[in-house]
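To start, the structure itself, in C-alpha cells.
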Amino acid sequence: MEVCQRLLRQVSRLPLPAGVHEQVTGEISAILSNAATARERLFAGHAESNAFGHVVQAAQYLNELAERLMKAGIGERDDGIVQTLVASSRQLHDEIGGGYSPTRS
C-alpha cells in the first residue's frame, strides 16, 4: 500500500497530457483500494486472502500500465511516468522476495 501511496504522490507532480493524470491516478487508486480490502480480509482471518498473489498482481498491473502508456507515446522506460511505474513494480516484486522480470523490455 505504501508503494501505491507514494506513487500517487509522485504522479500528482508529473507533467502529463490531458486525461492521462486522471487515468493513471484512477488505476493506481483502484489498486490501493483492492489492497486495502485484501488487507482487511486477511486481518479478519479469511484464509482465502492471498496477500502474495495480490502483490504479484499489482506489480504486474503497474508494469502493464507502463507498457500501455509507452505504446500511447507517453514516456519512455527510462523517463517520467513510465520509469516511475516500472520502478514501483520492481519494488513490489522485491518486497515479496521475487526478482524483477518485466513482461517486455
R9 CZ to T84 OG1 distance, which is reported to the nearest 0.5 Å: 13.0 Å
Heavy-atom pair of closest approach, residues A66 and V82: O-CG2, 3.9 Å
Derivation of the side-chain contact (heavy atoms from CB on, under 4.5 Å) call for I74 and M70: CA-CA 5 Å; I74 302 167; M70 280 193 324; over 6 Å; no
Can you give the donor-acceptor pairs under 3.5 Å from side chains of residues 25-34 to other protein atoms, not counting sequence neighbours?
from: T25; atom 1: OG1; to: H21; atom 2: O; distance (Å): 2.8
from: E27; atom 1: OE1; to: Y61; atom 2: OH; distance (Å): 2.3
from: E27; atom 1: OE1; to: R68; atom 2: NH2; distance (Å): 2.6
from: E27; atom 1: OE2; to: Q23; atom 2: NE2; distance (Å): 3.1
from: E27; atom 1: OE2; to: R68; atom 2: NH2; distance (Å): 3.0
from: S29; atom 1: OG; to: T25; atom 2: O; distance (Å): 2.8
from: N34; atom 1: ND2; to: A30; atom 2: O; distance (Å): 3.3

What distance do N63 atom CG and S89 atom OG have between them, rounded to the nearest 0.5 Å? 4.5 Å
Residues two or more places apart in sequence or in another chain: which of them pass side-chain contact (heavy atoms from CB on, under 4.5 Å) with V3? R6, S88, Q91, L92, E95
What distance separates Q60 CD from E67 CD, expressed to the nearest 0.5 Å? 12.5 Å
Residues 15-24 vs salt bridge (Lys or Arg N to Asp or Glu O under 4.0 Å), sequence neighbours excluded, gives none
With rounding to the nearest 0.5 Å, note down the distance linking CG in L14 to CD1 in I81. 5.0 Å
Do the non-hydrogen side-chain atoms of L16 and V11 ever get within less than 4.5 Å of each other? yes
